[in-house]
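Every number for a ligand or one of its atoms is a count from 1 in the order of the listing.
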Amino acid sequence: MSTGRTLLIVEDDDLLRQALKEQLAALGDFAVIDEAADGAAAFVAVKGKVFDLILLDIGLPDMDGRDVCAKLRESGVRSPIIMLTAADSEDDTITGLDAGANDYVTKPFRMAVLLARVRAHLRQHNQSDDAIFTVGPYKFQPAAKMLVIGDGQNSGGQKKIRLTEKETAILKYLYRVGNKTVSRETLLGEVWGYNAAVTTHTLETHIYRLRQKIEAEPSAARLLLTEPGGYRLNP
Ligand code: CA
């Protein structure tokens, strides 16, 4: 199922950005490494695309990296973000973390230090499969392939809905993207793999079954919405 991890490097220093790209490519953890030299390019890069990790310079020519970080979070980006801070100032760090960054590395840094942080965050992000996400009235547990509704306190108790692996993967991807439309092609590629010979009909069948499980009224979906060109998860 995995199609390889993706990384976005937002850094205006061309030499540093190239060095980062080369070193991170050598790790072998990333199938795709995209680059952006300023905040505006970073926003373009995340449109309709989910990165497993984002490296974000604090001093960009058009914007403060912390503002870029806050805007990315606002737009639903949930990937780990590591800020590259120029000054060894506690204020910078704190504002960066307030803006929604997961971590920071102070320049000049040793490449080995940065690579270690990158790996640590990728590991943590993988384990976050164990986390529980809220989807509409449900608690979504991807690792357990399960949706739970109700808190067990009321007379109705909890109701558990079992999902198949593909249904879980579809829901997980739509959740990670945030409140954005994902094209059928992207969803097919992410869930079945880009080389798999599956048609959109297969995807539509899975969406249909998923709606039967999660929608109060499957014919009038309120959670898993059909949009022009794709699907969107309505949080
Ligand atoms: Ca800079």
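Residues His206 and Leu210 have side chains not in contact (no heavy-atom distance under 4.5 Å, counting atoms from C-beta outward).
The Ca ion (ligand 1) is closest to atom OD2 of Asp57 (considering only N, O or S atoms).
The residues Arg222 and Glu217 are annotated as not salt-bridged, no charged nitrogen and carboxylate oxygen being separated by less than 4.0 angstrom. Salt-bridge check for Arg209 with Glu167: failed, with every basic side-chain N at 4.0 Å or more from each acidic carboxylate O.
Not one N/O/S atom of Leu84, from backbone or side chain, sits under 3.0 Å from the Ca ion (ligand 1). Counting backbone and side-chain atoms alike, Asp12 contributes an N/O/S atom closer than 3.0 Å to the Ca ion (ligand 1). Not one N/O/S atom of Asp13, from backbone or side chain, sits under 3.0 Å from the Ca ion (ligand 1).
Linking ILVMFWY residues whenever their side-chain heavy atoms come closer than 4.5 Å, directly or via other members, places Tyr173 and Leu233 in the same cluster.
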